[in-house]
Amino acid sequence: MPESFHRRVISIIKKIPRGKVATYGRIAVLAGNPRAARQVVRALHSSSEKEKLPWHRVVNARGRISLKPGSGYELQKALLEKEGVDFDETDRVDLELFLWDSGRSDRG
DNA sequence: AACCTGACTTCGG
DNA sequence: TCCGAAGCCAGGT
C-alpha cells in the first residue's frame with residue numbers, strides 16, 4: 001500500500017533544493033493528489049517544525065508568499081533571500097527561474 | 001453528521 | 001494584475 005498523502009508531502013518538501021521554491025499545487029501533484037494543495041498546508045502545520053521541513057521554500061501558484069505580514073511573511077522572505085532566491089518589486093518570485101524542477105539533475 | 005476554517009487553485013470579469 | 005466566486009479535501013468544534 002502507498003504511504004499516506006501526508007507522509008508523501010513531508011518527504012517531497014524535504015527534497016526541495018536550497019535556492020529553489022515549490023508551489024503547494026506542485027507538491028500536491030507530486031504526492032499524487034493534484035487537488036490536495038490545501039492538504040499540503042495541513043502537512044506543513046503538522047510537521048513543519050517537528051520534521052525540520054524547509055517550509056519557507058513553499059509558495060503559492062503565483063510565486064508569492066501566502067503568509068500574512070507579521071505572521072511569518074517577512075521570515076519566509078528573509079529565509080529565501082538568504083538562499084539566493086530573488087524577489088520582484090512586488091515581492092514575487094520568478095517561478096521560471098526558481099521553481100524546483102523535480103526530476104532534473106543538478107548536472108546539465 | 002453539520003458547519004466553519006485554512007500558508008490553495010482555477011475561472012470569469 | 002487584481003478581485004470575487006466556485007471547487008477542492010481534511011481536521012477541529
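Order of the sequence lines sets the chain letters (A, B, ...), proteins ahead of strands, with each chain counted from 1. Since this is a predicted model, take the numbers as computed values, not measurements.
With hydrogens and angles disregarded, no donor-acceptor distance shorter than 3.5 Å links the side chain of A:K20 to the backbone of A:V85. No donor-acceptor distance shorter than 3.5 angstrom exists from the side chain of A:E83 to the backbone of A:R18, with no hydrogens or angles considered. Formation of a donor-acceptor pair under 3.5 Å by the A:T23 side chain with backbone atoms of A:R26 is found in this model. Checked by atom type and distance alone, the side chain of A:D88 never pairs as donor or acceptor with a backbone atom of A:D91 at under 3.5 Å. A donor-acceptor pair under 3.5 Å is formed between the side chain of A:R57 and the backbone N or O of A:I16.
The C1' atoms of B:dG6 and C:dC8 are separated by 12 Å, rounded to the nearest whole Å. B:dA1 and C:dT13 are spaced 13 Å apart, taking the C1' atom of each and rounding to whole Å.
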A:V21 vs A:W100, side-chain contact (heavy atoms from CB on, under 4.5 Å): CA-CA, chis, key distance, verdict: CA-CA 5 Å; A:V21 300; A:W100 173 40; over 6 Å; no
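Under a hydrophobic-cluster definition in which Ile, Leu, Val, Met, Phe, Trp and Tyr are linked whenever side-chain heavy atoms come within less than 4.5 Å, directly or via other members, A:V58 and A:L99 are assigned to the same cluster.
A sub-4.0 Å separation between OP1 or OP2 of B:dG6 and a side-chain N or O of A:H45 is absent.
The nearest whole Å value for the distance from the CD1 atom in A:I13 to the C1' atom in B:dA7 is 11 Å. Rounding to whole angstrom units, CG of residue A:L44 and P of C:dC9 are separated by 20 Å. Spacing between atom CG of A:D91 and atom C1' of C:dC2 amounts to 16 Å, rounded to whole angstrom units. Between the C1' atom of B:dT9 and the CD1 atom of A:I27 lies a distance of 14 Å, rounded to the nearest Å. As rounded to whole Å, 16 Å separates atom P of C:dG12 from atom CZ of A:R38. A:R42 has its CZ atom 10 Å from the P atom of B:dG6, to the nearest Å.
Residue A:Q39 is the one, among A:P34 and A:Q39, whose nearest nucleotide of DNA chain B lies closer to the 5' end (criterion: closest heavy atom).
Against DNA chain C, the stretch residues 53-80 of chain A makes heavy-atom approaches under 4.0 Å through A:R62, A:R64.
The base of C:dC8 has none of its N or O atoms less than 3.5 Å from a complementary donor or acceptor on the side chain of A:R35.
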